[in-house]
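Every chain is numbered from 1 and lettered A, B, ... according to where its sequence line falls, protein lines coming before strand lines. All of these numbers come straight from a predicted model, not from anything done at the bench.
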Amino acid sequence: MRDKLVLIDGHSILNRAFYGVPDFTNSEGTHTNAIFGFLNILFKIIDEENPKYLCVAFDVHQPTFRHEMYKEYKGTRKPMLPELKQQVPLMKEMLKALNIKTTELAGFEADDILGTLSKAGEEQGLEVSVISGDRDLLQLATEHVKIRIPKTKKGKTEIEDYNVTQVLEKYSVTPKEFIDVKALMGDSSDNIPGVPGIGEKGATTIISEYGSIENAFEHADDIKNKRNREALKEHFDMAQMSKTLATINTSVPVEVKISDCVLEDMFNKEALAMVKKFEFKSMISKFDSISTENTFEENFKIMEDFGEVENLLSEIQKLKKVGLFIDLNNDEIRGISITISDDETYYIPVSGFITGEYLKEKLNYIVSNAVEVSVNDIKSNLRFVETETENKLFDAGIAAYLLNPLKSTYEYDDIARDYLEFEVPAYDEIFANYKKDKSVLENIDNISKYASYNSYVLYKSIEPLKEKLENEGMIDLYEKIEVPLTYALYDMEKTGIKVEADSLKEYGDKLAESIKTLEEEIYKEAGHEFKINSPKQLGEILFNEMGLPGGKKTKTGYSTSADVLEKLKPDYPFVEKILSYRQVTKLKSTYADGLAGFIEEDGRIHGKFNQTITATGRISSTDPNLQNIPVRTALGREVRKVFVPKEGCVFVDADYSQIELRILAHMSDDENLINAYKEAKDIHQSTASLVFNVPLDEVTKEQRSNAKAVNFGIVYGISSFGLSQDLSISRKEADKYIKDYFVSYPGVKKYLDDAVESAKEKGYSVTLFGRRRPIPELKSGNFMQKSFGERVAMNAPIQGTAADIMKIAMINVDKALKEQNLKSKIVLQVHDELLVEAYKDEVEQVKQILVDNMKNAADLRVALEVEVEVGNNWNEAH
DNA sequence: GTTTTCACG
DNA sequence: ACGTACGTGAAAACC
């Protein structure tokens, strides 16, 4: 067997990866998609070929020899986008870390280096693979050199291979002849002019017959196609020049020797550190073999002896701070890990005399005897803690979230990397291969290692996180808002909300009937059965089989979204049935069936309210999502009727009225907007009056509704395109609305401009309470991304401030309910709405508490208004 | 696992 | 020329 040499065309593959992989950044805002794609291709190739040698060639960005001769043809290539450009040096660093040889040569293109090395490799008796996205290189294919062209589609990389036979099959010419084909047809991306008038087809025909441009020119008179014949005769000089340009130089003075390119020790510490920095989570498992060596581990102990544990914990009263991790298995305590000093970390598993109950007891002992206990998520730990925790628990997850709300997780490994400047193995590394081999999840060494790293990092992170919060002006936000809130949320989750399972079932049955009827009607009109909820099949039927007007919209085919169908509805009653079908199936699957699965034995749903998810500071709701229960249609609202207060209670529902617009009025200090609120005007009507320049009492319904859309648009970070879409008007008209709006509210205009400018300067936007949202998109060279960043800069302070205010209100409502010894409890929060399950004799007090605390949560230049209602189900109360 | 759609604020 | 309104989560279809 011949040894293998793999040669990679660096820029070409990076470029392919950049355009083939959707744009993304790590949490620092560095674009990493091209690097990710490159590595995927690299690892795939290495997996397949297991080469002995590997080398990556890059272009130097200087005029190359071949192009130097014909400078006038340079310059049509587009400049590299900054998102890609910034990845080039990082890619080279990454390769260096992987111990992969890279090479570049001033004055020559990567092609030439690859050509030279592939020839040399073949001569040394190696089997050579050249990896490039560029078909130019096909000319290099020989018996022992194959060209491999990776294609990234839909996240998967597939590689097309070309040896001599395959080139011949696909292009009907030999690799050498391929140069001549190119000389005739040209290549605009490579600045090869070719012969005007001869395209791919003509070039292939000529060369497959005559073998070369020279021979073809000699026999030019025999060429049958008149246009091609004349073109070749007239422009033979162009063809010759193009051939020079297209020919890869296979004898350039490369500095590297193939023997320098031995592939070894790729998966080392440095490379792992970079992969982690880039946050390529899926690649970390490739480094399994090295992840075992670690410096802290020696300080981690497993403590199974009852006496030892007792002894250890008896010292606890001296402790200032503790890092604590509760290890759960099926919701039961399986062990705990505590870190009590830099080199004392203990994992205590449940075994023998050490029972779950015992550990829970000790846990409470620790909390009451330590000055400060650092945990990752207070809310999820609270069910094991019965002792008073006031000001004792530090929540590293929440702190890390405030410092960067854009991350998807705030695990110990993220925290170590971001705030402690060291790397620790992540879950996937410790439990390597658990997807294939479940036993690794049971392995005590893995379990203790995981638990220990958790408590160790939690222990170490208190000061760095607090210091950072302090420096960034968010310590109050953390202490006064987020931490108290997490207790309020814990209570809400524990309380849950009662849902009538029987009524929900009936509702589901009713929907099922309706679905059946609609289905039959739809199949009848379509002429056959199909998956109505498949956009692909539906698009095919609507726009091809039935010939409805409307073109493509999505990457994959026709758009069949509601706003497209809505426009077709008046002319085609059929699509109305589709829309109904969509609505009814949605209600059934997501709500009727979906919610039923979450009703617990107490007849209540205990959903989760997540505090570290959103970019703006809102809370989110999952398992199930209780913040998107239908309200806009009558049939949807039926769902709300099954949400009921328990026996002896009613619901009291309190709603902020237009909180975001009021915040805008406050933050912009716009005179007209503030006055409108002060005079208690209908804000949309008032806006319409100003924007359309009509007296207040002459504002039409349509004008009001348009003004309402503009008001929404302002809060979202207005764009004429967005507004035009929403109102189904032209962009020009939308533009005029916006202009007129800004004339009416010049303060708002100034505020929004300032918000964008300030965010550009600082890199983040800020709410009234100091909450930050980083906006890396503002630095993008991509128009679309940058525009997105600008809209975010306008929206985030407003949406975020509203979230802050609601959080303050919740804390105070919760506190007031307790202080007044009421049994009534908050059960839901839906961004600007609070739902309280109120005992009947507490209703008046509850109403008062809600209104007072919500109104007084912030002192703005315009008053916050709260609407409060009472009902026997959520629908009635809202 | 990704894409599309749609429910809410 | 580009191609979107801001913030979420869940289900079905498809690959």
Chemist: Over all strands shown, is A:Lys531 touching base, sugar-phosphate only, or nothing at heavy-atom distances under 4.0 angstrom?
Modeler: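 Result for A:Lys531 = sugar-phosphate.
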Chemist: How many Å lie between CZ on A:Phe712 and C1' on B:dC8, as a whole number?
Modeler: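 Nearest whole value for this atom pair: 12 Å.
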Chemist: If you look at every strand shown and take non-hydrogen atoms under 4.0 Å, does A:Asn782 touch a base, only sugar-phosphate, or nothing?
Modeler: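 Since no nucleic acid heavy atom lies under 4.0 Å of A:Asn782, the category is nothing.
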Chemist: Please state how far atom CG in A:Leu565 lies from atom C1' in B:dT4, giving the value in whole angstrom units.
Modeler: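 Rounded to whole Å, this separation is 12 Å.
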Chemist: Could you work out which one of B:dT5, C:dT8, C:dG7 sits closest to the side chain of A:Arg582?
Modeler: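 Selected nucleotide (nearest to the side chain): B:dT5.
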Chemist: Is the distance from OP1 or OP2 of C:dC6 to the nearest side-chain N or O of A:Thr616 less than 4.0 Å?
Modeler: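 Answer is no, no contact under 4.0 Å.
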Chemist: Is A:Ser620 near enough to C:dG9 that one of its side-chain N or O atoms lies under 4.0 angstrom from OP1 or OP2?
Modeler: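 Result: yes.
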Chemist: Would you say A:Arg791 places a side-chain N or O within less than 4.0 Å of OP1 or OP2 belonging to C:dC6?
Modeler: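 Looking at the OP1 and OP2 atoms of C:dC6, one of them is under 4.0 Å from a side-chain N or O of A:Arg791.
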Chemist: Do the side-chain N or O atoms of A:Gln537 get closer than 4.0 angstrom to the phosphate oxygens (OP1, OP2) of C:dC14?
Modeler: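 Checking C:dC14 against A:Gln537, a side-chain N or O does come within under 4.0 Å of OP1 or OP2.
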Chemist: For the pair A:Glu493 (side chain) and A:Phe609 (backbone), establish whether a donor and an acceptor sit closer than 3.5 Å, ignoring hydrogens and angles.
Modeler: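 Looks like yes, one N/O pair under 3.5 Å.
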Chemist: Please classify the nucleic acid contact of A:Arg632 as base, sugar-phosphate, or nothing, using heavy-atom distances under 4.0 Å.
Modeler: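 Base, at least one base atom sits under 4.0 Å.
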Chemist: Using atom CG of A:Leu664 as one end and atom P of B:dG9 as the other, report the distance to the nearest whole Å.
Modeler: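 So the two atoms are 20 Å apart, to the nearest Å.
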Chemist: Check every strand shown and say whether A:Ser719 touches a base, only sugar-phosphate, or nothing at a heavy-atom separation below 4.0 Å.
Modeler: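 The residue A:Ser719 makes base contact.
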Chemist: OP1 or OP2 of C:dA10 sitting under 4.0 Å from any side-chain N/O of A:Thr622?
Modeler: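 Indeed not, no polar side-chain atom of A:Thr622 lies that close.
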Chemist: In whole Å, what is the span from the CG atom of A:Asn628 to the C1' atom of B:dC8?
Modeler: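 After rounding, the gap between these two atoms is 5 Å.
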Chemist: Name the closest nucleotide to the A:Val792 side chain, picking from C:dT8, C:dC6, C:dA10.
Modeler: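 So the nucleotide nearest the side chain must be C:dC6.
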Chemist: Using side-chain heavy atoms (C-beta onward) and a distance below 4.5 Å, is A:Tyr745 in contact with A:Ile714?
Modeler: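 Result no, sub-4.5 Å side-chain heavy-atom pair not found.
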Chemist: Take the protein atom CZ of A:Phe643 and the nucleotide atom C1' of B:dC8, then report the distance between them rounded to whole Å.
Modeler: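 After rounding, the gap between these two atoms is 12 Å.
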Chemist: Which part of the nucleic acid, if any, lies within contact of A:Thr585, taking any heavy atom under 4.0 Å across all strands shown: a base, the sugar-phosphate backbone alone, or nothing?
Modeler: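 Touches nothing.
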Chemist: NA contact type, A:Glu833, heavy-atom cut-off 4.0 Å: base, sugar-phosphate, or nothing?
Modeler: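 Nothing: the residue A:Glu833, judged by heavy atoms under 4.0 Å, touches no strand.
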Chemist: Atom CD1 of A:Ile629 to atom P of B:dG9: distance rounded to whole Å?
Modeler: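 So the CD1-P distance, A:Ile629 to B:dG9, works out to 11 Å.
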Chemist: If pairing requires Watson-Crick or G-U wobble contacts with both distances under 3.5 Å, which nucleotide is the partner of B:dT4?
Modeler: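 Base partner found: C:dA11.
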Chemist: Going by atom types alone, do A:Tyr558 and A:Glu540 pair a side-chain donor with an acceptor below 3.5 Å?
Modeler: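 Note: A:Tyr558 and A:Glu540 side chains miss the donor-acceptor criterion.
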Chemist: Between A:Tyr572 and A:Phe574, is the ring centre distance below 6.0 Å?
Modeler: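 No - the distance between ring centres of A:Tyr572 and A:Phe574 does not fall below the 6.0 Å cut-off.
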Chemist: Within the structure shown, what part of the strands sits under 4.0 Å from A:Ala803 by heavy-atom distance: base, sugar-phosphate, or nothing?
Modeler: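 It contacts nothing in the nucleic acid.
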Chemist: Would you mind reading off the distance between A:Arg640 atom CZ and B:dA7 atom P, rounded to a whole angstrom?
Modeler: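 Value for this atom pair: 13 Å.
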Chemist: Sticking with atom P, work out how far C:dT4 lies from B:dT4, rounded to a whole angstrom.
Modeler: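 Each nucleotide's P atom is 11 Å from the other's.
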Chemist: Using a 4.0 Å heavy-atom cut-off, does A:Ala734 contact any base of the nucleic acid, only the sugar-phosphate backbone, or nothing at all?
Modeler: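 Nothing: the residue A:Ala734, judged by heavy atoms under 4.0 Å, touches no strand.
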Chemist: Expressed in angstrom and rounded to an integer, what is the separation of A:Glu777 atom CD from C:dA5 atom P?
Modeler: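 Result: 15 Å.
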Chemist: Please measure how far the P atom in B:dT3 lies from the corresponding atom in C:dG3, and state the result in whole Å.
Modeler: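 16 Å, rounded to whole Å.
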